[in-house]
K.L.:
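Dropping a structure here in structure tokens format, bear with me for questions.
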Amino acid sequence: MSFKTDIEIAREAKKRPIQEIGAKLGIPEADLLPFGHDKAKVSADFIAAQRGKKDGKLILVTAINPTPAGEGKTTTTVGLGDGLNAIGKKAAICIREASLGPCFGMKGGAAGGGYAQVVPMEEMNLHFTGDFHAITSAHNLLSAMIDNHIYWGNELEIDERRVVWKRVLDMNDRALRDCVTSLGGVANGFPRQTGFDITVASEVMAILCLALDLDDLQKRLGDIIVAYRRDRSPIYCRDIKADGAMTVLLQQAMQPNLVQTLENNPAFVHGGPFANIAHGCNSVVATTTALKLADFVVTEAGFGADLGAEKFMNIKCRKAGLAPDCVVLVATVRAMKMNGGVLKADLAEENVDAVNAGCSNLGRHIENVKSFGVPVVVGINHFSGDTDAEVAAVINYVEAQGSEAILCKHWAHGSEGIKEMATRVAEIAESGASQFAPLYADDLSLMEKIETVAKRIYRADEVLADKKIRDQLRQWEEAGYGHLPVCMAKTQYSFSTDPNLRGAPVGHSLPVREVRLSAGAGFVVVVCGEIMTMPGLPRVPSAEAIMLNDAGEIEGLF
Ligand SMILES: Nc1ncnc2c1ncn2[C@@H]1O[C@H](COP(=O)(O)OP(=O)(O)O)[C@@H](O)[C@H]1O
Ligand SMILES: O=COP(=O)(O)O
Ligand SMILES: [Mg+2]
């Protein structure tokens, strides 16, 4: 059975003018800044005018530990938004923007898939409205101004060995991870070892996603710590006098983007941090705006619930005062089999035993989501190769755990394939059953916060952090940053730091490699295991298959 590709389906979309989509949410045309006929930014003035209005219900879509292709969180977020609208609810979705890294690397885009996509898919997965370029430019302006300050006499007495601000690029380029700048003699400045992260790991990205408005954005930018002096005193972005220009570069990017689903329902697409190396959630401003305009808002958090959902709850909700009313935990037969020990190459073959073996991963994620006090429904994202026996194995397991699992066929059928889930989610969200609370209080020490996530979510026995790291955490506590949440960076494939340790490992240790203070974003990044903040390209990058056909249309984007 041959299926149309995502891009073929997206190209056939019968899109409505973006003004019509905005009108569904009561956004006047004058408050939409159009980018063509099918994309627009929502004005900051209109957003500010929504404050004080009643919020709709908030639904988070997360997943079990994924295969490299992803298990359909974004696809399910889009499908569920369409499903809620199809049963008569006023719903909007909020998802993240795509990074060029995975688009041209391995994983592909971030617009959903099949008949549950947001459009225009090609533009969204490429330059969209320029937000990532703005974030990259703002980040690298600060980088350039730091080296320029040092070049012109270093009045701030920056210890050149302790510049912590790197550069970014929105591309997977391992060659840039670790490099030396300012080679070539006196005219080029003072050589310094530094490197690049991918734009989605930039603190500027996190700030744009957590800032409440433009004033908050500028303050957070100013709070960024870029370097330390020899006496270890911090030097801030505002000391370099870059925060004003960075805010100018980000003014338009701060306004959330509005597009539509294949079924012409409103979709906010804004911000794009990954969940393995950053906090993995779309912007607060898009989510809080959507909550003022719709009765139901469906949003996503990247990778598995051990990463995106944990940081959605402990970072985004904590900082924005959000409280999810329901969680949809996406499971797929293929990811269950992979967590049950099946190799990627063998996932297409029926294997009920492997599905049963993989259920331990699903069961742990169910427990973890419930530990935040939020009701959870498992959404089985149906793939054409799934057999009835494999699906039944998942449903039987979930029901034996006392939870609910609903088979969803939105990829193949759009809203028609997910009405049962939409109905159930609306019931749960409106029931008031959710008693959300973050996993740890602000006043725990930074180390205790790391240990709480490691033990309660990852089920690690211990956290391995050497004296240098523990001393650094204590120094940040003494400097007044002890109240901040932690942003865990680790592999998305396992509860542990070993990507091959699938299922529900116990007894493992969590090695902390380094810690980074994002004083502007307001969290401490805890880098665990071998995770990289500048990914590399795979042996055969998706880019090799991306081209223009004779009709000038893009091929190979997915
Ligand atoms: N039910 C499905 N059947 C076939 N392909 C799917 C299905 N759900 C998602 N996909 C595809 O899998 C890939 C990952 O989906 P996506 O929603 O981006 O996952 P995630 O957001 O969890 O990473 C996309 O290419 C999408 O088109
Ligand atoms: O940060 C990762 O997001 P996806 O799981 O949607 O790929
Ligand atoms: Mg996604």
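First listed ligand is number 1; within each ligand, the first listed atom is number 1. Here, residue 1 is the first one in the sequence, and each next residue gets the next number.
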K.L.:
For Ile531, does its backbone N or O pair with a side-chain atom of Arg513 as donor and acceptor, under 3.5 Å?
P.N.:
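Flag set: sc Arg513 to bb Ile531 pair under 3.5 Å.
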K.L.:
Could you work out, for atom 16 (P) of ligand 1, the closest of Thr75, Val78, Ile9 by heavy-atom distance?
P.N.:
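Considering heavy atoms of Thr75, Val78, Ile9, the nearest to atom 16 (P) of ligand 1 sits in Thr75.
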K.L.:
Quick one: which ligand 2 atoms are inside 4.0 Å of a heavy atom on Phe274?
P.N.:
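Ligand 2 atoms under the 4.0 Å threshold to Phe274: 1 (O).
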K.L.:
Identify, by atom number and element, the atoms of ligand 2 in contact range of Gly302, meaning under 4.0 Å from any of its heavy atoms.
P.N.:
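In order of number, 1 (O), 2 (C), 3 (O), 5 (O).
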K.L.:
To the nearest 0.1 Å, how far is atom 14 (C) of ligand 1 from its closest protein heavy atom, and which atom is that?
P.N.:
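Here the nearest protein heavy atom works out to Ala69 O, 3.2 Å.
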K.L.:
Taking the six-membered ring for Trp, are Phe495 and His365 ring centroids under 6.0 Å apart?
P.N.:
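Yes.
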K.L.:
So, the side chain of Glu203 versus the backbone of Ala521: is there a donor-acceptor pair under 3.5 Å, distance only?
P.N.:
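Present.
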K.L.:
Can you sort out which atoms of ligand 1 are near Gly113, meaning under 4.0 Å from one of its heavy atoms?
P.N.:
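Heavy-atom distances to Gly113 below 4.0 Å select 27 (O).
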K.L.:
Kindly assign one of parallel, tilted or perpendicular to the pair His279 and Phe523, based on the angle between their ring planes and the thresholds 30° and 60°.
P.N.:
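Ring orientation, 0 to 90° scale: tilted.
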K.L.:
Does the side chain of His508 come under 3.5 Å of the side chain of Ser496 through a donor N or O and an acceptor N or O?
P.N.:
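Looking only at side-chain atoms, Ser496 and His508 do not form any donor-acceptor pair under 3.5 Å.
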K.L.:
Would Asn276 count as a polar contact of ligand 2, with the cut-off being nitrogen or oxygen pairs under 3.5 Å?
P.N.:
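Between Asn276 and ligand 2 (N or O atoms, distance only) the closest approach is not under 3.5 Å.
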K.L.:
Examine all N, O or S atoms of Thr77, backbone included, and report whether one is under 2.8 Å from the Mg ion (ligand 3).
P.N.:
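No N, O or S atom of Thr77 is closer than 2.8 Å to the Mg ion (ligand 3), so no.
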K.L.:
Under 4.0 Å from a heavy atom of Lys107: which atoms of ligand 2 are those, numbered in the order shown and with their elements?
P.N.:
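Answer for ligand 2: 7 (O).
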K.L.:
Quick check: does any side chain N or O of Lys57 sit under 3.5 Å from a backbone N or O of Val298, one acting as donor and the other as acceptor?
P.N.:
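Absent.
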K.L.:
In a check of salt bridge (Lys or Arg N to Asp or Glu O under 4.0 Å) between Asp197 and each of Arg174, Arg177, Arg167, Arg516, which one passes?
P.N.:
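Testing Asp197 for a salt bridge (Lys or Arg N to Asp or Glu O under 4.0 Å) against Arg174, Arg177, Arg167, Arg516 leaves exactly one candidate, Arg516.
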K.L.:
Determine, step by step, whether Asp170 and Thr136 satisfy the side-chain hydrogen bond (donor to acceptor under 3.5 Å, both in side chains) criterion, reporting the C-alpha distance in whole Å, the side-chain angles of both residues, the deciding distance to 0.1 Å, and the verdict.
P.N.:
CA-CA 7 Å; Asp170 191 33; Thr136 302; over 6 Å; no
K.L.:
How close does the nearest protein non-hydrogen atom get to atom 3 (O) of ligand 2, and which residue and atom is it?
P.N.:
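It is Arg96 NH2, 2.9 Å.
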K.L.:
Counting heavy atoms only, which of Thr332, Thr76, Thr74 is nearest atom 21 (O) of ligand 1?
P.N.:
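It is Thr74 that holds the nearest heavy atom.
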K.L.:
Considering only non-hydrogen protein atoms, determine which one is nearest to atom 8 (N) of ligand 1 and report residue, atom name and distance to 0.1 Å.
P.N.:
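Result for atom 8 (N) of ligand 1: Asn381 ND2, 3.0 Å.
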K.L.:
State whether a side-chain donor-acceptor pair under 3.5 Å links Asn381 with Arg334.
P.N.:
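No, Arg334 and Asn381 have no side-chain donor paired with an acceptor closer than 3.5 Å.
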K.L.:
State whether the shortest distance between N or O atoms of Phe303 and N or O atoms of ligand 2 falls below 3.5 angstrom.
P.N.:
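There is such a contact, yes.
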K.L.:
Work out which heavy atom in Ser371 is nearest to a heavy atom in Leu439; give both atom names and the distance.
P.N.:
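Closest approach of Ser371 to Leu439: OG-CD1, 4.0 Å.
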K.L.:
Distance to 0.1 Å, residue and atom name: give those for the protein heavy atom nearest to atom 11 (C) of ligand 1.
P.N.:
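In this structure, atom 11 (C) of ligand 1 has Trp411 NE1, 4.3 Å as its nearest protein heavy atom.
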K.L.:
To check your reading of the model: name the closest protein heavy atom to atom 1 (N) of ligand 1, its residue, and the distance in Å.
P.N.:
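Going atom by atom, the protein heavy atom closest to atom 1 (N) of ligand 1 ends up being His382 O, 2.7 Å.
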K.L.:
Report the nearest protein non-hydrogen atom to atom 25 (O) of ligand 1: residue, atom name, distance rounded to 0.1 Å.
P.N.:
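The closest heavy atom on the protein side is Asp6 OD2, 3.7 Å.
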K.L.:
Decide whether Ser403 and Lys370 meet the rule of one side-chain donor and one side-chain acceptor closer than 3.5 Å.
P.N.:
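A donor-acceptor contact under 3.5 Å links the two side chains.
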K.L.:
Using heavy-atom distances, let me know which of Lys107, Lys73, Gln117 sits nearest atom 18 (O) of ligand 1.
P.N.:
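Shortest heavy-atom distance from atom 18 (O) of ligand 1: Lys107.
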K.L.:
How far is atom 12 (O) of ligand 1 from its nearest protein heavy atom, and which residue and atom name does that atom have?
P.N.:
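Scanning the protein heavy atoms, the shortest distance from atom 12 (O) of ligand 1 goes to Arg334 NH2, 3.9 Å.
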K.L.:
For atom 19 (O) of ligand 1, what is the closest protein heavy atom, and at what distance to 0.1 Å?
P.N.:
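Among all protein heavy atoms, the one nearest atom 19 (O) of ligand 1 is Gly72 N, 3.0 Å.
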